[in-house]
Each structure stands twice: as C-alpha cells, then as structure tokens.
Asks: 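Take a look at this one; I'll ask things after.
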Amino acid sequence: QVQLVESGGGLVQAGGSLRLSCAASARTFSSYTMGWFRQAPGKEREFVATISRNGGNTDYVGSVKGRFTISRDNAKTTVYLQMNSLKPEDTAVYYCAASSDYYSGLPMDYNYWGQGTQVTVSS
C-alpha cells in the first residue's frame, strides 16, 4: 500500500509560480512511475506530467510544456511539480499518483492516488 500526500497548492495571480510536492509512504518509491493529474470543476481528470522510476524520462501534456517541470527525489520519496507562468486555465485540483506497472498518461494505469491539492490562478 502506498499513501500519497500532496502539498503546495494555493491562490496565485496569472504569471506566478507554485511548487507542488507529493510525499509517498512507500519504501519502494523508486519502483513506481509517478504522475500528476488535474481536475477542473465539471471536467474529467486530465494528465499533466509523468516521470519514470529513475527520473530519466518525463512527459507532459502539451498545454503545460515549457511551463511545468516534474521531478523526483527517490531518497526523500517525494515527487514535485514546478509550475511557472501559471494561467487561469491551470486552475484545478491537482492529484499525485503512483503506478507500479506502467509509464503512462492514463489515469487507469495508476494504482494509488493522493487526496489532491487546490490550485487557483486569478486573472
């Protein structure tokens, strides 16, 4: 069982930055692909970014490329999402997720999920 706890969300003006963190309980953290997803009101959960087990590979949804950076520290069992140049359309609840079997952008491929952290970007 893996427990994931997100932090770092909040209210920021357009153009600002936030850094999300996701602390994992798993001692085998390095065996999981980690991902960030988001869900805006009335919309389906959307893939944002993923990072491979050793951090060597990353992928992003097109709308955040060049603005967001996913990273991980396996020694601290933590994954991060640095978000720069934020836009009002980035407003959503952001979720951290772990996958034991896949390097994927599909929510169905992730076994464990955090409770989410709210990010609100004002115009």
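The figures that follow rest on heavy atoms only: side chains count, while hydrogens, waters and symmetry mates do not. When a residue number appears, it is its place in the shown sequence, counting from 1.
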Asks: For the residue pair Pro88 and Ala14, what are the closest heavy atoms and their distance?
Replies: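 So the minimum-distance heavy-atom pair works out to CD-CB, 4.1 Å.
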Asks: Check whether any side-chain heavy atom of Phe68 sits under 4.5 Å from a side-chain heavy atom of Asp90, and report yes or no.
Replies: yes
Asks: Work out which heavy atom in Arg38 is nearest to a heavy atom in Tyr94; give both atom names and the distance.
Replies: NH1-OH, 2.9 Å
Asks: In the structure I gave you, are the side-chain heavy atoms of Thr120 and Val12 within less than 4.5 Å of one another anywhere?
Replies: no
Asks: Please name the pair of heavy atoms, one in Thr91 and one in Gln118, separated by the smallest distance, quoted to 0.1 Å.
Replies: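 Minimum heavy-atom contact is CG2-NE2, 4.1 Å.
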Asks: If you compare all heavy atoms of Val5 against all heavy atoms of Gln115, which two are closest, and at what distance to 0.1 Å?
Replies: CA-OE1, 3.8 Å
Asks: Will you find, in the side chains of Ser17 and Asn84, an N or O donor that is under 3.5 Å from an N or O acceptor?
Replies: yes
Asks: Among Trp36, Phe37, Tyr102, which residue meets the ring pair (Phe, Tyr, Trp, His ring centres under 6.0 Å) test with Tyr110?
Replies: Phe37
Asks: Do Leu20 and Glu6 make a side-chain contact, defined as non-hydrogen atoms from C-beta onward lying under 4.5 Å apart?
Replies: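 Leu20 does not reach Glu6 side chain to side chain.
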Asks: Check for a donor-acceptor pair, side chain of Thr58 on one end and backbone N or O of Ile51 on the other, with a separation under 3.5 Å.
Replies: no
Asks: CZ of Arg19 to OG of Ser71: how many Å apart, nearest 0.5 Å?
Replies: 6.0 Å
Asks: Kindly give the heavy-atom pair with the smallest separation between Gly116 and Val93, and that separation in Å.
Replies: CA-CG1, 3.8 Å
Asks: Under 4.5 Å between any side-chain heavy atoms of Leu4 and Trp113, yes or no?
Replies: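 They are not in side-chain contact.
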Asks: Got Tyr103 and Arg53 here, is their nearest side-chain heavy-atom distance under 4.5 Å?
Replies: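 In short, these two side chains do not touch, never coming nearer than 4.5 Å.
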Asks: Can you name the closest pair of heavy atoms from Leu86 and Arg67 and give their distance?
Replies: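 Distance-wise, the nearest heavy atoms are CA-NH1, 3.9 Å.
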Asks: Below 4.5 Å, heavy atoms only, C-beta onward: do Leu81 and Val48 meet side chain to side chain?
Replies: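 Yes, close enough: below the 4.5 Å cut-off.
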